[in-house]
2 protein chains.
Amino acid sequence: MPREIAERCDVIPALGEAFREHGFAGCSLSEITRRTGLGKGSLYHFFPEGKQEMAEAVLDDVANWFETNVFAILRESPDPGHGITKMFEEVDRYFRSGKRICLVGAFALDDTRDRFETRVNEYFTAWTRALADALKRNGFAAREARETAEDIVAGIQGALVLARSQDDPTVFTRVLKRLRERAMAGPDQ
Amino acid sequence: MPREIAERCDVIPALGEAFREHGFAGCSLSEITRRTGLGKGSLYHFFPEGKQEMAEAVLDDVANWFETNVFAILRESPDPGHGITKMFEEVDRYFRSGKRICLVGAFALDDTRDRFETRVNEYFTAWTRALADALKRNGFAAREARETAEDIVAGIQGALVLARSQDDPTVFTRVLKRLRERAMAGPDQ
DNA sequence: GCATAAATGTACCGTAGAGTACACACTAAA
DNA sequence: TTTAGTGTGTACTCTACGGTACATTTATGC
């Protein structure tokens, strides 16, 4: 095996941050080599399909993280209120209280979406479904639960846009807090 | 003057759609010549600073449109409720009921933001300020008005992300409807 | 130690990128 | 009818891009 004990999964966080910062189109291979510390040789060894495969790996990693740390808990926690609270905590942590953007959301906006269609689609579908499920088990009617879940996921994404546009992460924190209150207030608020 | 009576302002809509579709980094000059029907000669005649200046012109055009059709009405309409209703109508129209993304929001997410920092910042500042003002005049307390305005602008942006990620414009329509109801319900809801 | 396979660095390829130079076309006013 | 200025097309530069080829290095199981 090699000198630098690099493994494929080791570089995925760095890849993610590179794509976050520059977008898919704007993220050049030279930037990627810089950020990961890996030369083209290693990169194409781990990701034979190049940039496309790198981004797919990052998206899969993101999906996996959310599935484990957010969606599964929303779905399976015996106390749905606890699952919802946990979701807001984890989301706040993941997006660094508004200092980090959502890669999937960013990819969704331009034609990058077409390259990763199913992944982008499934990420948001899974999120809204899992949240709606938890809200329903927490007392919301089916329809209200679906609507509220949609509002909350949209609100989180929009808060990230707003926070970054203003270069003010506190916007995210504020919006997130109010979304949480709405989710926990119960169906009749 | 020239054979084709093209004017600078004529190409701005086409430029906007090109940037929307590909993002700033992903939008090549050859794509721009294709979409506008103008050769490099004409483009650099109208926009000597190149792509940067083209995008600035588009952002200025967007800002101008919103100032005229949304912000001014929010601020100046004698009936603030009418201003708010009008905002939701115009926003729905502008974003083609969810089939079109927000260019400013898209630029905000990656490092494109840095190129257009003040423009991006001011767009959202102006929007939230004007909306908060209308909400306040419509009966919301100052603090509630500010918070609700933030939630609504974020909600709109997030709804655009969600709609495009799902390739389902109706998500946007649904979220927008609920945001409008919240805005019009009054401060005690 | 030696074979094997996993990593790695370097040099290279063709292409497409943004931007420039400039001659030409056209129009309108003098 | 000249002239001046505004568009426009073409050809060009130079750079950076994504990707490939391949020889070389390294670690480990044998």
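Hydrogens, waters and symmetry mates play no part in the numbers below; they use all other heavy atoms, side chains included. In this text the structure is predicted, and so the values were computed from the model without any measurement. Sequence lines set the chain letters: A, B, ... in the order given, protein chains first and strands last, and positions in each chain run from 1.
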Just by distance, with hydrogens left out, do D168(A) and T170(A) show a side-chain donor and acceptor under 3.5 Å apart?
yes
Sidechain N-carboxylate O distance under 4.0 Å for E181(B), R178(B):
no
Expected string for nucleotides 10-19 of chain C under the B/S/- scheme (protein heavy atoms, under 4.0 Å, primed atoms plus P, OP1, OP2 as sugar-phosphate) is -------SBB
Between dC26(C) (P) and E7(B) (CD): distance, integer Å
19 Å
May I have the distance from I32(A) (atom CD1) to dG18(D) (atom P), rounded to whole angstrom?
7 Å
Distance check needed: dT6(D) C1' versus L38(B) CG, whole Å only.
13 Å
Counting heavy atoms not belonging to K51(A), are there more than 12 under 6.0 Å from its NZ?
yes
L43(A) has an atom CG; how far is it from atom P of dT8(C), in whole Å?
9 Å
Below 4.0 angstrom, N of the basic side chain to O of the carboxylate: do E17(B) and R100(B) qualify?
yes
Determine whether a donor-acceptor pair (N or O, by modelled atom type, separation under 3.5 Å) exists between the side chain of R164(A) and the backbone of D110(B).
yes
In terms of side-chain geometry, is the basic nitrogen of R137(A) or D133(A) positioned less than 4.0 Å from the acidic oxygen of its partner?
yes
Using the C1' atoms of the five pairs at each end, what is the angle between the end axes of the helix from dG1(C)-dC30(D) to dA30(C)-dT1(D), to 10°?
10°
Please report the distance, rounded to the nearest Å, between NE2 in H45(B) and P in dT8(D).
8 Å
If the threshold is 4.0 Å, N to carboxylate O, is there a salt bridge linking E53(A) and R8(A)?
yes
Rounded to whole Å, the CZ-C1' distance (F47(A) to dG18(D)) equals 16 Å
Electrostatic pair R75(B):E67(B) at N-O distance under 4.0 angstrom:
yes
